[in-house]
Amino acid sequence: AQKVAFEADLKAAGPAPRAGSKALRIQTLAAKGEWQQPVLTLSNVKVEALQAAINASAVKYNVDQQDAQVKLKAEVPGAVLQANGQISPKNGKGNANLQLNSAPTLIAWANTLPGVKDPLAGAKLDGKAQLQLDWNGGWGNILKRLQTATGQPLPDSGLQLKADLRAEQLRYLPANTPADQAIVVPKLALNLQGSPEKADITLQTSAQRAAQGVLDARAEFPDSTLAALYGLLTMPPALVTAHPQLDKAVDAAYIAAEKAAGRKPPKLGTDAERVAFLFERYQALTSLLPAERQKKARKTGYSMPCYRHV
């Protein structure tokens with residue numbers, strides 16, 4: 001087949017669109033490659049539009065086999081995506097990494113795109129996250145599963161996925177909801193492994209991981225009673241180490257929730273301060289009267305873990 005080589009370098013002329021405009025304006029479009037039936041090969045591609053930039057290299061697409069190979073980096077306000085791999089109906093292998101640096105910035109940018117209006121329908125989302133995704137297999141059987149009539153046997157997708165999501169300081173406020181009722185997660189870890197139809201999913205917050213650490217430490221002493229595990233002179237070193245980690249994780253969750261609600265972050269350095277804070281929150285939630293300021297508790301010479309019963 002005849003080979004056709006090409007190169008393009010286009011740049012927009014004239015003034016930039018006014019702020020808030022949803023016009024689809026492409027600032028830069030550059031590409032270099034060749035076409036030889038049935039394969040399109042691009043040694044490099046650059047697109048800049050709507051405050052976003054896409055840079056790709058080693059791009060190859062077989063029209064007959066629907067086989068795509070790509071190495072790219074896409075940057076938009078608030079997020080960066082990098083991908084490297086190959087995918088076709090029958091096979092594929094590769095990885096992708098998504099870095100969310102600012103959820104509000106990304107949402108604000110998405111709201112400027114043509115045809116997009118309030119993508120969260122009035123809700124608000126804040127925080128940072130990172131997603132690592134690896135895939136092995138093709139997409140052909142997934143399409144067949146979607147096209148299979150109800151009641152008919154579904155073919156295995158044949159696609160294996162491995163995903164790892166890490167997020168920090170997540171705050172989600174549903175539409176028309178008071179600010180003090182926002183859902184706050186200081187740290188979150190989500191792992192997915194398997195096929196789309198049979199994936200094992202594990203979700204953990206920092207408090208859950210710390211609580212599991214306490215349970216694991218207790219499991220090391222199956223014959224010990226709680227009295228022995230938490231005795232002043234008999235508490236095992238593993239529990240002595242695990243409980244402060246749980247205290248720290250729960251403290252962080254309470255502090256993040258208070259900040260999200262617009263209240264002054266509490267002091268949670270001692271067990272007395274933690275108990276006082278919990279009673280203040282209980283009174284605020286159950287009483288119609290304003291919570292009274294608690295007197296400062298007298299310090300004692302020994303402090304046991306406050307969040308011990310998990």
Side-chain angles (χ1 to χ4, degrees), residues 1 24 33 35-42 45 47 52 54 56 58-74 76 79-100 103 106-107 109-111 113-123 125 127 129-167 170 172 174-175 183 185 188-205 208 212:
L24 179 56
W35 164 257
Q36 186 173 21
Q37 180 68 25
V39 178
L40 172 66
T41 303
L42 299 172
V45 179
V47 180
I54 299 176
V59 179
K60 184 176 290 187
Y61 182 68
N62 187 308
V63 177
D64 293 345
Q65 300 178 5
Q66 296 180 292
D67 186 324
Q69 300 179 42
V70 67
K71 181 178 181 180
L72 69 81
K73 180 179 181 181
V76 300
V80 179
L81 170 67
Q82 298 186 70
N84 184 12
Q86 172 264 333
I87 189 76
S88 73
K90 294 183 178 181
N91 54 61
K93 187 174 184 180
N95 59 79
N97 181 277
L98 174 63
Q99 182 74 46
L100 176 61
L106 177 62
I107 295 167
W109 171 77
N111 201 38
L113 299 178
V116 177
K117 183 179 180 181
D118 195 5
L120 294 185
L125 178 66
Q130 182 172 3
L131 172 65
Q132 178 66 43
L133 173 67
D134 296 273
W135 72 87
N136 195 332
W139 53 263
N141 279 356
I142 293 180
L143 182 60
K144 291 180 181 178
R145 290 175 63 89
L146 295 174
Q147 296 172 340
T148 300
T150 303
Q152 297 297 315
L154 296 173
D156 291 337
S157 67
L159 179 64
Q160 293 294 310
L161 300 174
K162 183 179 180 181
D164 182 45
L165 174 65
R166 306 284 170 171
L170 288 182
Y172 176 72
I183 300 171
V185 181
L188 177 145
L190 186 148
N191 300 98
L192 179 149
Q193 189 163 356
S195 62
E197 69 274 18
K198 296 179 182 179
D200 293 326
I201 300 176
T202 303
L203 175 63
Q204 282 192 326
T205 64
Q208 286 175 313
Q212 188 61 51

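In this structure, the side-chain contact (heavy atoms from CB on, under 4.5 Å) partners of D64, at least two apart in sequence or on a different chain, are Q37, P38, N62. Listed by chain and number, the residues in a side-chain contact (heavy atoms from CB on, under 4.5 Å) with L143 are W139, Q147 (sequence neighbours excluded). Every residue meeting the side-chain contact (heavy atoms from CB on, under 4.5 Å) condition with I107, not counting sequence neighbours, appears here in chain and number order: P119, L120, L125. For A58, the side-chain contact (heavy atoms from CB on, under 4.5 Å) test picks out no residue, with sequence neighbours left out. Looking at residues two or more places apart in sequence or on another chain, you find a salt bridge (Lys or Arg N to Asp or Glu O under 4.0 Å) between D164 and R166.
Formation of a donor-acceptor pair under 3.5 Å by the N111 side chain with backbone atoms of D118 is found in this model.
Distance check: K73 NZ to I54 CD1 gives 13.0 Å after rounding to the nearest 0.5 Å. The structure places CG of L192 at 8.5 Å from CG of L133, a figure rounded to the nearest 0.5 Å. With rounding to the nearest 0.5 angstrom, the CG atom of L188 is 6.5 Å from the CG atom of L190.
The nearest pair of heavy atoms linking W109 to A52 is CZ2-CB, 4.0 Å. Smallest separation of non-hydrogen atoms from A56 and V59: CB-CG2, 3.8 Å. For G137 against I87, the heavy-atom pair with the smallest separation is O-CD1, 3.1 Å.
A 4.5 Å side-chain heavy-atom check between V39 and T41 finds at least one atom pair inside the cut-off. For the pair Y61 and Q69, the minimum side-chain heavy-atom distance is 4.5 Å or more.
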May I have the list of side-chain donor-acceptor pairs in residues 89-99 shorter than 3.5 Å, sequence neighbours left out?
from, atom 1, to, atom 2, distance (Å)
N91, OD1, Q86, NE2, 2.9
N91, OD1, S88, OG, 3.3
N97, ND2, Q132, OE1, 3.0

Let me have the donor-acceptor pairs involving side chains of residues 151-161, under 3.5 Å, with sequence neighbours excluded, atom names and distances please.
from, atom 1, to, atom 2, distance (Å)
S157, OG, L159, N, 3.3
S157, OG, E197, OE1, 2.8
S157, OG, E197, OE2, 3.3

